[in-house]
Structures are given as structure tokens and as C-alpha cells.
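Input: a single structure, listed below in C-alpha cells.
What's counted below: heavy atoms across the whole structure, side chains too, no hydrogens, waters or symmetry copies. In listed order, ligands and their atoms are each counted from 1. The residues of the chain are indexed from 1 along the displayed sequence.
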Amino acid sequence: MLGLMQSQQLLISSLIDFAERHHSEGEIVSRRVEGDIHRCTYKDIAKRSRKVANALDHMKLGFGDRIATLAWNGYRHLELYFGVSGSGRVLHTLNPRLHPDQIVWIANHSEDQVLCFDMTFLPIIQAVHSRCTTIKHFIALCDADKLPADSGVPGLVSYEAWIAAQSEKYVWPAFDENSASSMCYTSGTTGNPKAALYSHRSTILHAWAGALPDALNMSARDSVLPVVPMFHVNAWGLPYSAAMTGAKLVFPGPAMDGKSIFELIESEKVTFAAGVPTVWQMMLGHMQQGGLKFSTLKRTVIGGSACPPAMITAFNDVYGVEVLHAWGMTEMSPLGTVCTLKNKHTTMDAADQMKVRLKQGRGIYGVDMKIVDEEGKELPWDGKAYGDLLVKGPWVIKEYFKGEGGSPLVDGWFPTGDVATIDPDGYMQITDRSKDVIKSGGEWISSIDVENIAMSHPAVAMAACIGMRHPKWDERPIVVVVKKPGAELTREALLAFYEGKTAKWQVPDDVVFTDAIPLGGTGKMQKTKLRELLKDYQFPSA
Ligand code: AMP
């Protein structure tokens with residue numbers, strides 16, 4: 001017997017419809033590329049999202065067509081979030097920090113039809129547009145009078161001119177909630193980047209779970225600052241959860257420095273902010289220097305990389321701000337765990353409580369997880385046994401876009417590439433990473449790519465790239481090199497060799513020359529051994 005409840009597809013358009021109807025005056029505040037502060041409401045965003053939808057229809061873009069963005073966090077980007085997905089197209093958020101060659105590869109792979117970009121990124125567009133073979137329309141996210149007379153980009157139009165002529169009336173189409181809504185490429189594994197393709201259903205369920213009290217705890221009384229970029233896994237779903245709850249949204253635009261972020265928190269009475277540790281490191285540094293205090297900030301979610309204990313202490317003890325340590329991945333939309341306390345922890349002394357807070361947290365409803373040994377046998381949740389962490393749930397991928405890399409699942413579970421323990425209360429803690437990548441300031445660097453460039457130098461016999469703990473960037477790559485017999489090579493010459501071959505921030509910080517790199521039985525480089533050998537290593541600048 002079937003239930004007799006209304007069957008309504010979970011579609012992203014319903015979020016902006018809800019926000020417009022129930023929180024029409026809810027504020028969206030953005031620091032713009034132009035430098036000023038822009039204010040609007042959910043009502044405005046809803047109207048302009050419908051204009052975007054009409055503009056896309058007008059261009060005869062089909063259901064499922066990819067519309068790319070290369071943009072900071074801001075109201076126009078938010079309008080694209082709703083206008084593109086709501087009208088049945090797929091929003092593809094490109095990461096501007098990637099090397100232009102990677103951007104070209106990704107845009108061609110996803111077969112983007114339109115690219116909307118902030119003017120900050122005009123130089124990137126000028127460099128890549130002729131190689132982006134599927135993009136038919138370039139749209140600059142600015143007013144018509146900010147468009148340069150000779151941009152060098154054929155047919156470039158301004159976003160404001162593009163939507164101005166369109167009606168703000170539009171009936172959002174109804175379709176299957178499993179249809180694709182947005183996509184995000186990750187270079188978190190080796191080989192070419194691969195895309196997670198989110199659906200309307202997965203996005204709504206994720207936003208719903210993310211808003212729960214023991215997750216990010218979002219409400220209409222919050223003023224939310226997503227410092228995490230909208231090009232990184234949809235800013236952890238915050239734009240959707242905000243529309244669902246009517247929370248005020250505050251967007252930092254391109255100004256991610258400590259001073260700008262602090263000022264925005266104060267001026268917009270931010271209660272909740274989200275970002276990677278590096279961002280908070282810069283902001284805390286600015287506050288310490290100026291003896292500053294927060295007046296409204298209550299909670300901050302920190303994820304993307306492990307949160308250092310000193311950061312939790314500083315936020316909590318010095319500034320009275322609760323830190324929610326969180327873990328997730330692009331492949332998980334991204335939320336997997338959030339570290340909120342259970343009743344039993346609230347009476348613990350500070351030192352024991354800190355041990356819990358340092359963990360990546362417990363699963364939120366919707367995500368199941370397990371740890372397994374090398375044979376795939378499940379390990380106990382005793383807080384000691386560590387193994388490969390696997391997850392499953394309705395907002396975890398089942399495969400990558402275009403089936404790249406084959407089926408990633410093992411018996412229906414997605415292997416995260418993280419190594420973890422889980423304690424009897426269900427708190428997961430990452431202890432290591434089995435994937436060969438380095439995370440610097442929240443962005444991935446493939447150690448294989450770094451090694452391959454070094455290996456292409458005629459004086460290099462063998463190269464191993466490893467990530468070393470770094471006070472500002474969490475991890476930075478260094479490359480350990482064995483020279484060919486009789487070959488001459490200096491540190492500076494090898495670092496210069498990287499120029500132009502990869503993005504600047506992906507160039508290793510240092511070169512360490514050695515006679516031999518430890519190898520395992522199968523001839524594979526033993527990076528754990530190498531890390532042990534270099535345990536006293538200091539960065540040249542540190
Ligand atoms: P991404 O797909 O870029 O979001 O990166 C996901 C990966 O970042 C995870 O698989 C982890 O390796 C790492 N990561 C994310 N959050 C944390 C955290 N709180 N602590 C440690 N590592 C994390």
C-alpha cells in the first residue's frame with residue numbers, strides 16, 4: 001500500500017521560491033569586485049534568478065547544458081546558482097586558482113556552453129577563450145559600462161545587459177529530482193581532474209541535513225558568511241541551506257584577507273562563518289595585532305584541512321566563538337561529519353573536551369561511514385584501530401562525470417582516500433591520507449605532477465614529492481631529489497624549471513638533495529619513511 005502524501009520533486013527552484021515567499025526581506029550583502037558593498041534581498045535574488053532562466057532560454061540552451069562560472073562569492077553568483085539549476089541546466093563552478101591549461105581542459109571536458117566570469121578573471125579568459133572549444137557565450141559579471149571597449153573576447157556581454165531585457169516572470173520547470181543540477185571538478189586524486197555531478201535531490205537533502213542543529217545549525221536569525229568559495233563544492237552547500245532557512249548571507253567577494261573578513265563580520269553582524277584554516281589563520285593574526293574582538297560571531301565551521309588545536313583554543317578561549325570542526329569532500333557535496341559535542345562531553349574538563357573537538361566529528365544523518373583494514377574487513381569503533389575510511393549516502397557520488405576512472409565504489413561504499421579512527425561515540429578522526437596529494441591552503445597539489453616535472457629535468461634521476469606541515473598553509477610540497485651521476489643541479493635551478501609548467505602555488509617550496517629515496521618491496525617510493533627521515537626539516541623561510 002502506498003502512502004497518500006503529495007509527491008513533490010525536490011528541486012533547487014523550490015529553495016528560492018520559499019526564500020522569496022517566506023523571507024522576502026532576508027538580506028544578501030556582497031563585497032563586490034568593484035570594491036563597494038552591495039545589498040539586496042531574497043526577493044531581488046528570486047526575481048533576477050528568473051531573469052537568468054529567461055536569458056538562458058533565450059539563448060536556446062537545452063536541459064542539462066553546462067553553464068560555467070569563474071567567480072567569487074557574490075549575489076550575481078547566487079542568482080546563477082538558482083537561475084541555472086532551477087531552469088534545468090547544470091551549474092559548473094570552475095576554480096580560478098587552477099592553471100589556465102587546467103581550466104581549458106576542464107571546460108572542454110564538461111562541454112560548457114556559457115562562461116560567466118568576474119572581471120578579476122578577464123586576463124584568464126583572454127588567455128584561454130580561443131582554446132575553450134564548446135563555449136559559445138562569454139558573460140562578464142558586471143554592469144554594461146564596466147565592460148572594456150576592447151576586451152579581446154569575441155561577443156563578450158555584460159551580465160547586467162544580458163538579463164536587463166528579460167522578464168522577471170518565469171515558471172520554473174518541473175522535472176525528475178534526480179536530474180543533474182551542478183558539478184564540481186576535483187583534482188584530489190591523481191590523473192586528470194574528475195567531476196562530481198550533483199543532483200537536485202542530493203543538493204536539497206544535503207542542504208537540509210547541513211542546516212540541522214548538530215550540523216551547521218542555521219536559522220533565520222543567523223547572518224552567515226561563507227568565506228569558503230562558491231567554486232569549492234558549492235560553498236559547502238551554505239547558499240542552499242541559507243535559502244532554506246532564510247538566513248542572511250554575507251559574501252566576501254575577492255577580499256579574503258584578515259582585515260576585510262574581520263570588518264565584514266563586524267559590519268554585517270555575522271553570527272556564523274565558514275572557511276578553511278588558512279583563512280582563519282590570517283584573520284586571527286590581524287585581530288591579535290590590533291587587539292580586536294568580535295561583537296556578534298558565535299560559531300565558525302572549519303574544514304577542508306585539519307584544524308590546528310591553537311586555532312580552536314584561540315576562537316574559543318580568547319574570542320568566545322565555538323569552533324565546529326568538519327570533514328567532507330567534493331565527492332560528498334561535501335558534508336560528512338561535524339564535531340558537535342554530546343551531552344556527556346559538556347561536563348568534561350577542558351583538556352578532555354579538546355581531544356573530542358580535535359576530531360573531525362560524527363556523521364550527520366544521511367552519511368554512513370566505516371573503516372576497513374587492507375583486506376576490506378571492517379574495523380572496530382574503538383578510537384584506536386585505524387583504516388581506510390569509506391562512506392555512503394544520498395549525497396555521495398556513485399561515479400564520476402562521464403564515468404571517468406571507472407566505478408569508484410567498493411561494495412556500494414565510496415573510498416575517501418582518508419585513513420581514520422572512529423571512537424565508540426561515533427567521532428571520526430583522520431590520522432593519515434592514502435591518496436597521493438597535498439592540501440595547501442585548502443587547494444590540492446598532486447604530488448605525482450610535482451614529481452613528474454622534476455623527473456623531466458635532464459639532471460634528475462628520481463624525485464619524490466611530500467607534503468610538510470606548514471604554519472600558514474597547513475601543508476606545502478617539497479621535492480626530494482636524487483641527481484643523475486655526475487649531473488650538476490642546484491635548488492634554485494630546479495625551482496626555476498617549474499615556472500610556467502604548473503600554477504605558481506603548486507611549485508614546491510624547497511628541494512632536498514639526497515643519495516637515495518627509500519623504496520618498498522615492489523619498488524614504490526616509501527613516503528612514510530621519507531617523512532620520518534625528514535622529521536626535523538624546516539622550510540627555508542620558516
Ligand atoms: P575536497 O574534495 O577538496 O573538499 O577535499 C577533501 C579532502 O580534504 C578529504 O578527503 C580530506 O583529505 C581533506 N579534509 C577535509 N576536511 C578535513 C578535516 N577537517 N581534517 C583533515 N582533512 C580534511
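The closest non-hydrogen atom to atom 9 (C) of ligand 1, taken over Asn95, Asp418, Asp432, Thr431, comes from Asp418.
Aromatic ring centroids of Trp208 and Tyr240 lie 6.0 Å or more apart.
In terms of N/O distances under 3.5 Å, ligand 1 is not approached by Val233. Considering backbone and side-chain atoms together, Gly303 places no N or O closer than 3.5 Å to any N or O of ligand 1. Backbone and side-chain nitrogen or oxygen atoms of Ile302 are examined, and none is located within less than 3.5 angstrom of a nitrogen or oxygen of ligand 1.
The neighbour count for Asp317 CG, taken as heavy atoms of other residues, nucleotides or ligands under 6.0 Å away, is above 12. Within a 6.0 Å sphere centred on OH of Tyr319, other residues, nucleotides and ligands contribute more than 12 heavy atoms. Applying the 6.0 Å contact sphere to NZ of Lys342 captures more than 12 heavy atoms from other residues, nucleotides or ligands. Other residues, nucleotides and ligands contribute only 12 or fewer heavy atoms inside 6.0 Å of the OH atom of Tyr386.
Within the listing of ligand 1, atoms 9 (C), 10 (O), 12 (O) sit less than 4.0 angstrom from a heavy atom of Lys435. For ligand 1 and Lys439, the ligand atoms under 4.0 Å from any heavy atom of the residue are 1 (P), 3 (O), 4 (O), 5 (O), 6 (C), 7 (C), 8 (O). Counting atoms of ligand 1 from 1 in the listed order, those under 4.0 Å from a heavy atom of Thr330 are 1 (P), 2 (O), 3 (O), 4 (O). Within ligand 1, counting atoms from 1 as listed, the ones closer than 4.0 Å to a heavy atom of Ala326 are 16 (N), 18 (C), 19 (N). Annotation for ligand 1: atoms under 4.0 Å from non-hydrogen atoms of Trp327 are 9 (C), 11 (C), 14 (N), 15 (C), 16 (N), 17 (C), 23 (C).
Scanning for salt bridge (charged side-chain N to carboxylate O under 4.0 Å, His left out) contacts around Glu443 gives Arg97, with sequence neighbours left out.
Heavy atoms of Gly417 come nearer than 4.0 angstrom to ligand 1 in no pair at all. Not a single heavy atom of Cys307 sits less than 4.0 Å from an atom of ligand 1.
When non-hydrogen atoms are compared, ligand 1 lies under 4.0 Å from neither the backbone nor the side chain of Pro334. Under 4.0 angstrom from ligand 1, the non-hydrogen atoms of Arg433 all belong to its side chain. Counting heavy atoms closer than 4.0 Å to ligand 1, residue Met329 contributes atoms from both its backbone and its side chain.
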| said: Run Tyr185 and His109 through ring-ring contact (aromatic ring centres under 6.0 Å, His included) and show every step you take. | reply: CA-CA 10 Å; Tyr185 278 73; His109 186 265; 5.7 Å; yes
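We find that Arg531 and Glu475 are not joined by a salt bridge, their nearest charged nitrogen and carboxylate oxygen being 4.0 Å or further apart.
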Run the side-chain donor-acceptor check on residues 349-357: report pairs under 3.5 Å with partners two or more places apart or on a different chain.
unit_1 : atom_1 : unit_2 : atom_2 : d
Asp349 : OD1    : Ala351 : N      : 3.3
Asp349 : OD1    : Asp352 : N      : 3.0
Asp352 : OD1    : Lys355 : NZ     : 3.4
Gln353 : NE2    : His345 : O      : 3.0

